[in-house]
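Have a look at the structure below before the remarks.
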Amino acid sequence: MQVRVRYAPSPTGLQHIGSVRTALFDYLFARASGGVFILRLEDTDRTRYSEEYVKNLYDTFKWLGFYWDEGPDVGGPYGPYVQSERFPLYQARAKELIEKGMAYYCFCGEERLAKVRADQADSDTSEMGYDRHCRGLDPAAAAARIAAGEKAVIRLKIPLEGTTKFRDALLGDIEWKNEDVSPDPILLKSDGFPTYHLANVVDDHLMRITHITRAQEWIPSAPLHIIMYEAFGWEPPELVHLPMVLGADGHKLSKRHGATAVDEFRKAGYLPEALVNYVSHLGCSFEEGRDIFSLADLERLFKVERLNKAPAIFDYQKLEWYNGQYIRLKSDADLLGLVMPYLVQAGLLAEAPAPEPRSLALGAMPLVKERLRFLADAPIMLRYLFEEPPVPAPEEFIPKKLDKARAAELLAAGGALLPSCDLSDLEATEARYRAEAERLGAKFGDLMMPLRVAVTGSRVSPPLFESIRLIGIPKATARIGRAVAALS
RNA sequence: GUCCCCAUCGUCUAGAGGUUAGGACAGCGGGUUUUCAUCCCGCCAACAGGAGUUCGAUUCUCCUUGGGGAUACCA
């Protein structure tokens, strides 16, 4: 039997790093088993729905490099793949359950439900949730009220006794007492929209889903779904509940822990490879003694047995390390392509730069490749190549244990030497400067630091001689001249 | 409160009865180096606790403790 797995997001927010991790495992599971990966939009919550989130969903996965075999945009034999386009299906199925006596109309309004909840909170009862007030209603009477136009929801009849068993491919056998299952959850809302439970079960069955992979927060609704499958007389898919992703404080990952929307990572200059690689190791391992895995590697190596049961804490530092690794793996041309939008946004480069500034930027890539943590760091690091940096305060020029006069002297000497240097020969240039430092009785570093500050505007910068080679000796000499003047 | 799931270094993990408990990130200390970074080397650091089972338990069972999740006309 061919494996069919789906990622079924609800477009009620930006794609979250946690759900993307679930999507990744869905995707890998399908690919590793030669199965089919399906995207299904669960847009049944129209109060939180937004078109913008649908767009974000597509953008996110395109950027990450996932593709689906069936979905709203690519079609497929079991469509439509958007739940809002499938409403009649759910209504029919809910009514089917009523006819079978497995579900019932409930006429309880918000107020009564709120009161039930409040009473439960006040008393020391362990009973929680709906009190099954309408469960005992005469079906014919209820049907008559519906026919008369009264508003109602449809609730599933959870058996009052007995147990529901199911097997999780990861966690093994799980058995629930039916009295502990959510008491008669709503299947169809009063506005006729299905809830997650109904839509999910109906669609998973109709779309021939073979494996449900979702986060462990869904375990408590699994028995309820199983009861529904049984009520319909359907074979339930295999369940795989994935470990959750937590923040540093051990709670469900959320905004207060830092960035959570994939979009935020993307804008900050994270690479999709880094994100995928890092996230794939939250709750899963692939191969020992290796840290770097491409999406293609993961597709090949993924196995359900390598999944973990315990929740994983999201570690921003490790993600950052991965990002650096992937940045260093890029060719200069590729890196420039990635960094370009950031340079453009900072006003350092035109959107379609002329050959000269473009080659300047390209030449700068080897200088920053080892230094970038995020793509967004590039403009800060490279600004001095494109613009005249302001002359820093005098104390910035003064090496440790030296004074202002000495700094000016070293700076002037270093500047004077520059025009006669052949910067295509870095070694020779360095040798000359070392000799110059010796002649002046200065440490090499003390000769270099003021020069660096004068040329780049900062004590921290990419390698100096290569930087000068990029902007040209005349420009560098001019900057040094200005700095000498400022120091005198 | 009730129910469910989980438990190896600070973090992500390897380990599937016998290992000096391995790797990675972070931290710390060195080295390379014109600053910063990269890179290289080293160090620190874990089987939550208690009962069993067994010749032998990190590994199997139970209990305790701890952590997380669910308890919506959201998913």
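Naming: A, B, ... by sequence-line order, numbering from 1 per chain.
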Check the interface with nucleotides 5-7 of chain B: list each N/O to N/O pair with the protein under 3.5 Å, or write none.
none

Dump every N/O contact between nucleotides 41-50 of chain B and the protein below 3.5 Å, one line per pair.
none

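Taking the ring centre of A:Phe107 as origin, the terminal cationic atom of A:Arg145 falls inside the region bounded by 6.0 Å and 45° from the ring axis. Cation-pi geometry between A:Arg40 and A:Tyr81 is not met at under 6.0 angstrom from the ring centre and within 45 degrees of the axis. Taking the ring centre of A:Tyr130 as origin, the terminal cationic atom of A:Arg155 falls inside the region bounded by 6.0 Å and 45° from the ring axis.
One N or O donor and one acceptor, one from the side chain of A:Arg452 and one from the base of B:U34, sit under 3.5 Å apart. Contact annotation: side chain of A:Lys318 to base of B:A24, donor-acceptor pair present below 3.5 Å.
With both pairing distances under 3.5 Å, B:U32 is matched to nothing as a Watson-Crick or G-U wobble pair. As the counterpart of B:U58, no nucleotide is assigned, since no Watson-Crick or G-U wobble pattern has both distances under 3.5 Å. The partner of B:U38 is absent, by the rule that a Watson-Crick or G-U pair needs both atom distances under 3.5 Å. Pairing for B:A70 is with B:U2, a Watson-Crick or G-U wobble pair whose two hydrogen-bonding atom distances lie under 3.5 Å.
Within the 4.0 Å cut-off from OP1 or OP2 of B:C73, not a single side-chain nitrogen or oxygen of A:Lys151 is found. For B:A14, the OP1/OP2 oxygens have a side-chain nitrogen or oxygen of A:Ser285 closer than 4.0 Å.
In this structure, the side chain of A:Arg290 engages the main chain of A:Ile292 through a donor-acceptor pair within 3.5 Å.
Comparing the C1' positions of B:G10 and B:G67 gives a spacing of 16 Å, expressed to the nearest Å.
Taken residue by residue, residues 237-262 of chain A places heavy atoms nearer than 4.0 Å to RNA chain B at A:Met244, A:Gly250, A:His251, A:Lys252.
Within 6.0 Å of the NZ atom in A:Lys443, the count of heavy atoms belonging to other residues, nucleotides or ligands does not exceed 12.
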